[in-house]
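In what follows, a structure is listed as structure tokens, so that the remarks can point back to it.
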Amino acid sequence: MQGTWFQGCSGRIEYIHKITEGMPLFIDSFLNVLSDGIIYGPALLEENFKAKFQQIAFPWIAELNSLTLREKNILSLLKEGPLGGDEIPASSSELEELELRGLIELQGDKWNLDSELLRRVIVELENQTGCI
């Protein structure tokens, strides 16, 4: 079995944990993309994230591809920050469906993306392709 070799100090490991939110699937994806043995610092890791985020964040991208255009628009609005239900052009059932899928959450009276990594994936997709 071939393993991934990654050299990094605690600051680099903390960066990977932060950007992947400690989710094993994303950590594995991130390390597989960065498997050439180079010692990465946070700036190079960030650059590689932007360049290879589609490989790193494929689980979120697959989930986004299964959404309707209205659901994608809701997520796009929420990437800027929390919004009240009355500020989002959606029915409560659409919001609840996105919540059940683990994409958004209700915090107090505001809807928010459930994950910083999801927000970053949405931003990168929009930067690179113009939409999600």
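Since this is a predicted model, take the numbers as computed values, not measurements.
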In Å and rounded to the nearest 0.5 Å, what is the [atom1] to [atom2] distance from [X] to [Y]?
X      : Y      : atom1 : atom2 : value
Leu125 : Leu75  : CG    : CG    : 11.0 Å
Lys79  : Glu116 : NZ    : CD    : 13.0 Å
Glu99  : Glu96  : CD    : CD    : 7.0 Å
Ile104 : Leu98  : CD1   : CG    : 4.5 Å

*In sequence, state the C-alpha distance, the side-chain angles, and the governing distance for Asn73 and Leu77, and then conclude on side-chain contact (heavy atoms from CB on, under 4.5 Å).*
CA-CA 6 Å; Asn73 288 338; Leu77 287 172; 5.7 Å; no
To check you understand the geometry: which heavy-atom pair defines the closest contact between [X] and [Y], and what is its length?
X      : Y      : result
Lys72  : Leu67  : CE-O, 3.6 Å
Ser91  : Arg70  : N-NH2, 4.3 Å
Ser66  : Arg101 : OG-NH2, 2.7 Å
Leu118 : Leu103 : CD2-O, 3.5 Å
Trp111 : Ile88  : CB-CD1, 3.9 Å
Ser76  : Ile122 : CA-CG2, 4.4 Å

*Spell out, as yes or no, whether a donor-acceptor pair under 3.5 Å connects the side chain of Glu126 to the backbone of Val123.*
no
*asked:* Show, in sequence, the C-alpha distance, side-chain angles and deciding distance for Lys110 and Leu83, and conclude whether the side-chain contact (heavy atoms from CB on, under 4.5 Å) test is met.
replied: CA-CA 5 Å; Lys110 300 276 187 179; Leu83 294 172; 5.6 Å; no
*Leu78 and Leu113, any side-chain heavy atoms less than 4.5 Å apart*: yes
*Give me the one residue out of Ile74, Leu106, Leu100 that meets side chain to side chain contact (heavy atoms under 4.5 Å, CB included) with Leu95.*
Ile74
_Test log, rule side-chain contact (heavy atoms from CB on, under 4.5 Å), inputs Glu124 and Arg120_ = CA-CA 6 Å; Glu124 271 314 304; Arg120 293 191 63 179; 5.8 Å; no
*Would you say the side chains of Glu105 and Asn112 form a donor-acceptor pair under 3.5 Å?*
no
